[in-house]
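Below: the structure, in structure tokens.
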Amino acid sequence: MATTAASKPPLVQKLRGLTGEVVKFGIVGLSGVVINFAVFWVCINGLGLASLRSNIAATVIAIATNYLGYRYWLYRDRDAASRKREITLFLVFSGIGMLIETGVLAFTVYVLHLDSHYEQLGAKVIGLAVATVFRFVSYRTWVFTALPEPEPVAVASTADAADATDATDGRELAAQAELMLVTEQIRYAKAE
């Protein structure tokens with residue numbers, strides 16, 4: 001079906017919608033970053049865990065809180081018909097993002113030998129920035145898919161529209177009649 005220029009939103013409107021989405025994504029992401037860095041800091045300083053273990057623990061907790069923000073605030077109007085698929089894809093792409101972030105941290109600590117806590121935080125910021133771009137694109141594209149837009153019905157003329165309505169009404173009436181007959185047959189069979 002061909003779309004008309006009137007049915008397509010203008011580019012400026014699409015960009016405004018994307019800008020709002022990016023801002024909301026940033027707010028949810030920022031809350032996840034705060035959680036991520038707080039847990040990371042507690043793990044490496046308070047619990048004495050190694051930096052990579054601390055990063056994985058912090059990122060897993062942030063992933064869980066971010067999912068709630070994305071699903072129930074940012075992408076609440078998106079298709080939620082298949083939550084199992086959505087959660088699976090969210091975890092897969094979040095895991096890839098965690099690998100990106102942890103890879104940058106591992107490179108910094110084990111290859112560059114920058115292993116002070118502040119150098120590790122700097123590596124975490126860089127890894128998180130790269131992973132965030134990846135996550136935004138993947139969540140938006142594959143995880144929280146948009147609901148399909150309703151297709152406008154093109155009507156050639158008023159007479160054609162009346163004929164189409166009559167045909168639809170006729171089919172609906174026939175379907176209702178069949179349903180009533182089946183119901184009566186069941187009722188009759190139970191009475192015997």
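Just so it is clear, the values below take in all heavy atoms, side chains as well, and ignore hydrogens, waters and symmetry mates.
Every residue meeting the ring-ring contact (aromatic ring centres under 6.0 Å, His included) condition with Phe25, not counting sequence neighbours, appears here in chain and number order: Tyr70, Phe136. Every residue two or more places apart in sequence or in another chain that forms a side-chain contact (heavy atoms from CB on, under 4.5 Å) with Ile96 is listed here: Val92, Phe93, Ile100, Phe134. Under the rule for a side-chain contact (heavy atoms from CB on, under 4.5 Å), the partners of Phe107 that lie at least two apart in sequence or sit in another chain are Val111, Leu112. Scored by the side-chain contact (heavy atoms from CB on, under 4.5 Å) test, Val60 finds Ile56, Met98 as partners (sequence neighbours excluded). With sequence neighbours left out, the side chain to side chain donor-acceptor pair (under 3.5 Å) criterion links Thr108 to no other residue.
Connectivity analysis of hydrophobic side chains (ILVMFWY, heavy atoms under 4.5 Å, direct or indirect) links Val133 to nothing; its cluster partners are none. Summarising the hydrophobic clusters (Ile, Leu, Val, Met, Phe, Trp, Tyr; side-chain heavy atoms under 4.5 Å, direct or chained), the residues clustered with Leu49 are Leu47. Listed by chain and number, the hydrophobic cluster partners of Val104 are Ile126, where partners are ILVMFWY side chains within reach of under 4.5 Å, directly or through others. In this structure, Val109 belongs to a hydrophobic cluster whose other members, linked by side-chain heavy atoms under 4.5 Å apart, are Val33, Phe37, Phe40, Trp41, Ile44, Leu52, Leu105, Tyr110, Tyr118, Leu121, Val125, Leu128.
Within the structure, salt bridge (Lys or Arg N to Asp or Glu O under 4.0 Å) pairs that include any residue of residues 41-58 do not occur (at least two apart or interchain). Under the salt bridge (Lys or Arg N to Asp or Glu O under 4.0 Å) criterion, the residue pairs touching residues 118-129 are Glu101-Lys124, with sequence neighbours excluded. Listed by first and then second residue, the side chain to side chain donor-acceptor pair (under 3.5 Å) pairs involving residues 23-34 amount to none (not counting sequence neighbours).
Of the possible donor and acceptor atoms, none in the side chain of Thr102 sits under 3.5 Å from a partner among the backbone N and O of Leu99. Within the 3.5 Å criterion, the main-chain N or O of Ser138 finds no donor-acceptor partner in the side chain of Thr141.
Tyr72 and Leu30 are not part of a single hydrophobic cluster, where members link through side-chain heavy atoms under 4.5 Å apart. Clustering ILVMFWY residues whenever any of their side-chain heavy atoms sit less than 4.5 angstrom apart, transitively, puts Val42 in a cluster other than the one holding Ile63.
How far CG of Asn36 is from CD1 of Ile61: 9.0 Å, rounded to the nearest 0.5 Å. Within the model, atoms CD1 of Ile35 and OG1 of Thr59 stand 11.5 Å from one another, a figure rounded to the nearest 0.5 Å. One finds the OH atom of Tyr139 at 11.0 Å from the CG atom of Leu89 (value rounded to the nearest 0.5 Å).
Smallest separation of non-hydrogen atoms from Gly32 and Ala62: O-CB, 3.5 Å. Looking at every heavy atom in both residues, Ala57 comes nearest to Cys43 through CB-SG, 4.4 Å.
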Query - Derivation of the side chain to side chain donor-acceptor pair (under 3.5 Å) call for Tyr67 and Ser94 - result: CA-CA 10 Å; Tyr67 177 77; Ser94 295; over 6 Å; no

Query - Audit row: Ile27, Trp73, side-chain contact (heavy atoms from CB on, under 4.5 Å) steps and yes/no - result: CA-CA 11 Å; Ile27 291 169; Trp73 183 53; 4.0 Å; yes

